[in-house]
Trainee: 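Have a look at the structure that comes next, please.
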Protein chains: 2
Amino acid sequence: MVRSAKTKRSSNSSRQIRDPEATQQQILDAAEEEFSKHGLSGARIEAIATRAGVTTAMIHYYFENKEGLYKTVLQRPATECHDVLHELNLENLPPEEALKTLIRAAIAYEAAHPRRGMLWFQEANQNQGKYFKLGNWQETFAYIIKVLERGIAEETFRQLDPFVTCIQIIGICTFYFNAHENIKHITPDVDRLSPEMIEKYTQAAVNLILAGVRA
Amino acid sequence: MVRSAKTKRSSNSSRQIRDPEATQQQILDAAEEEFSKHGLSGARIEAIATRAGVTTAMIHYYFENKEGLYKTVLQRPATECHDVLHELNLENLPPEEALKTLIRAAIAYEAAHPRRGMLWFQEANQNQGKYFKLGNWQETFAYIIKVLERGIAEETFRQLDPFVTCIQIIGICTFYFNAHENIKHITPDVDRLSPEMIEKYTQAAVNLILAGVRA
DNA sequence: GTCTATAATACGATAGAC
DNA sequence: GTCTATCGTATTATAGAC
């Protein structure tokens, strides 16, 4: 079976292949999942190594120690979220359109990275956001807040606290995914992560939020 | 310093006092905090024991092992949440009033138990809700869903998916607290857990949700 | 750059004294 | 009912061969 060295390297078959970038990427992916589940303190280097198909020595070679790996893992979604919002060019859309676009993008991002929300909850509750501070989240939040402020100024949106509303929007867009493994036991017959159900949730979120903020 | 055996027993001063109920309660409180931060696998029995002012042997004596303690910890909020909703007698209020009452109660509960939300996120993501299933959450959710269904039937609320809206409401009411330790770094000058700020958030949540669901 | 082997510590659980 | 002491195992991190 042919396999590009840049793509996935399965755990057992291919050792001793030298591809530093691929190795680091595999470690980061595995670490993101492990840290999401267990946070910094609970994550097991051995588990990350196994999932990535490398040895624990490799992890220490590239990332010094568990904390170094953790910091690197947190950085990726921080910059990604910022870039996603930046590239939406929300400032060129009327407030209602911008808000709709924003909600759709946020939920799509959650659906594409269903584990990442937990990464931040772990960080908040285990480390009091000590490493969260290192990201450029203030700027990322500002994209959302500006849309709301613009809507208030134009009187499309009612008088509301932009920051508080921003938090509420993020809560709506993320809870569905972060709590999914519990929620699925409430309605076991429905696969709420299917594309159809996610689209349904997205539409419902747009409806609730837009009706909720309109003047 | 006089101290009731039923109240808190500080870690270092008072050992060897026999008060089984107080001891169990202290272990449960300490365990709730530890499990909230680290989940089942990441929690340290030693840390729970220290926080509770007992030895690890005591924990094994009362709860058999870590899993037994975990199950007992999860049960408390499950029954409490159900009871809180039950005692609100929502069925006696018109839908809008019921929804308002519900939101206020949910946020007040979160504010009183700011760690418990994480307990469920840990459970969802570490154990896929295996122990969540043991609670009576289906019934608890039903209280909220019934309010929404009643509002739709009376045409006070627009046509919406009651379950999905229920999830959205919980997301709004909980995210603020679960993510607080990260959020506080975005606006470091504001104490968002002060009574005034929590009341402000509550009012904003009522406004958003009621405007969001109205016909 | 990757591996094997191992040192050093941390943790869950139990036995047995009081 | 509570404590001290300890066994066995799991885990992080490093040293050194290839």
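A, B, ... follow the sequence lines: proteins, then strands. Residue 1 opens every chain.
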Trainee: Between atom CE in M58(B) and atom C1' in dG16(C), what is the gap in whole Å?
Mentor: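 Spelled out: CE on M58(B) to C1' on dG16(C) is 13 Å.
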
Trainee: Take the protein atom CD of Q24(A) and the nucleotide atom P of dG1(C), then report the distance between them rounded to whole Å.
Mentor: 8 Å

Trainee: Hey, are the side chains of I169(B) and L99(B) touching, using non-hydrogen atoms and a 4.5 Å cut-off?
Mentor: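 Yes - at least one pair of side-chain heavy atoms lies under 4.5 Å apart.
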
Trainee: Would you kindly give the CD-to-P distance between E46(B) and dT4(D), to the nearest whole Å?
Mentor: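 After rounding, the reported distance stands at 11 Å.
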
Trainee: Using atom CG of N65(A) as one end and atom P of dT12(D) as the other, report the distance to the nearest whole Å.
Mentor: 12 Å

Trainee: Choosing from dC3(C), dA13(D), dC3(D), which nucleotide comes nearest the side chain of A57(B)?
Mentor: dC3(D)

Trainee: Which ones in residues 28-43 of chain B lie close to DNA chain C, meaning a heavy atom under 4.0 Å from one of its atoms?
Mentor: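 Those residues are A43(B).
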
Trainee: Given atom OH of Y62(B) and atom C1' of dT14(C), what is their separation to the nearest angstrom?
Mentor: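 Distance, rounded to whole Å: 17 Å.
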
Trainee: Walk me through it: do Y131(A) and E67(A) pass the test side chain to side chain contact (heavy atoms under 4.5 Å, CB included)?
Mentor: CA-CA 10 Å; Y131(A) 302 93; E67(A) 191 194 350; 2.9 Å; yes

Trainee: The side chain of I45(A) is closest to which nucleotide in this list: dA13(D), dT2(C), dT2(D)?
Mentor: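 Ranking dA13(D), dT2(C), dT2(D) by closest atom to the I45(A) side chain puts dA13(D) first.
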
Trainee: Roughly, in whole Å, what's the span from CD1 in I59(A) to C1' in dT14(D)?
Mentor: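 After rounding, the reported distance stands at 14 Å.
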
Trainee: Could you label the plane-to-plane angle of the Y201(B) and F177(B) rings as parallel, tilted or perpendicular, counting under 30° as parallel and over 60° as perpendicular?
Mentor: perpendicular

Trainee: Begin from the C-alpha positions of Y143(B) and H82(B) and carry the test ring-ring contact (aromatic ring centres under 6.0 Å, His included) through to its verdict.
Mentor: CA-CA 9 Å; Y143(B) 281 109; H82(B) 179 275; 5.4 Å; yes

Trainee: Using the rule given for side chain to side chain contact (heavy atoms under 4.5 Å, CB included), can you reason through Q168(A) versus Y176(B), listing the C-alpha separation, both sets of side-chain angles and the distance that settles it, and then say yes or no?
Mentor: CA-CA 7 Å; Q168(A) 294 171 334; Y176(B) 186 78; over 6 Å; no

Trainee: With a 4.0 Å cutoff (strictly under), does any side-chain N or O of H60(B) reach OP1 or OP2 of dT14(C)?
Mentor: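 Indeed not, no polar side-chain atom of H60(B) lies that close.
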
Trainee: Let me spell it out: for each of T56(A) and Y61(A), pick the nucleotide of DNA chain C with the closest heavy atom. Which residue's pick is nearer the 5' end?
Mentor: Y61(A)

Trainee: What is the ring orientation for F121(A) with F121(B), classed by angle as parallel under 30°, tilted 30 to 60°, or perpendicular over 60°?
Mentor: parallel

Trainee: In whole angstroms, how far is the P atom of dT9(C) from the NZ atom of K66(A)?
Mentor: 17 Å

Trainee: Passes side chain to side chain contact (heavy atoms under 4.5 Å, CB included), I170(A) versus F141(A)? Steps please.
Mentor: CA-CA 10 Å; I170(A) 298 175; F141(A) 273 59; 3.8 Å; yes

Trainee: From CD of E64(A) over to C1' of dT14(D), roughly how many Å is that when rounded to an integer?
Mentor: 12 Å

Trainee: So, OP1 or OP2 of dC3(C): does either fall under 4.0 Å of a side-chain N or O from T55(A)?
Mentor: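 Yes, within the criterion.
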
Trainee: Starting the side chain at C-beta, find the nucleotide from dT11(D), dC3(D), dG1(C) nearest to R44(A).
Mentor: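 From the listed options, dT11(D) comes nearest.
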
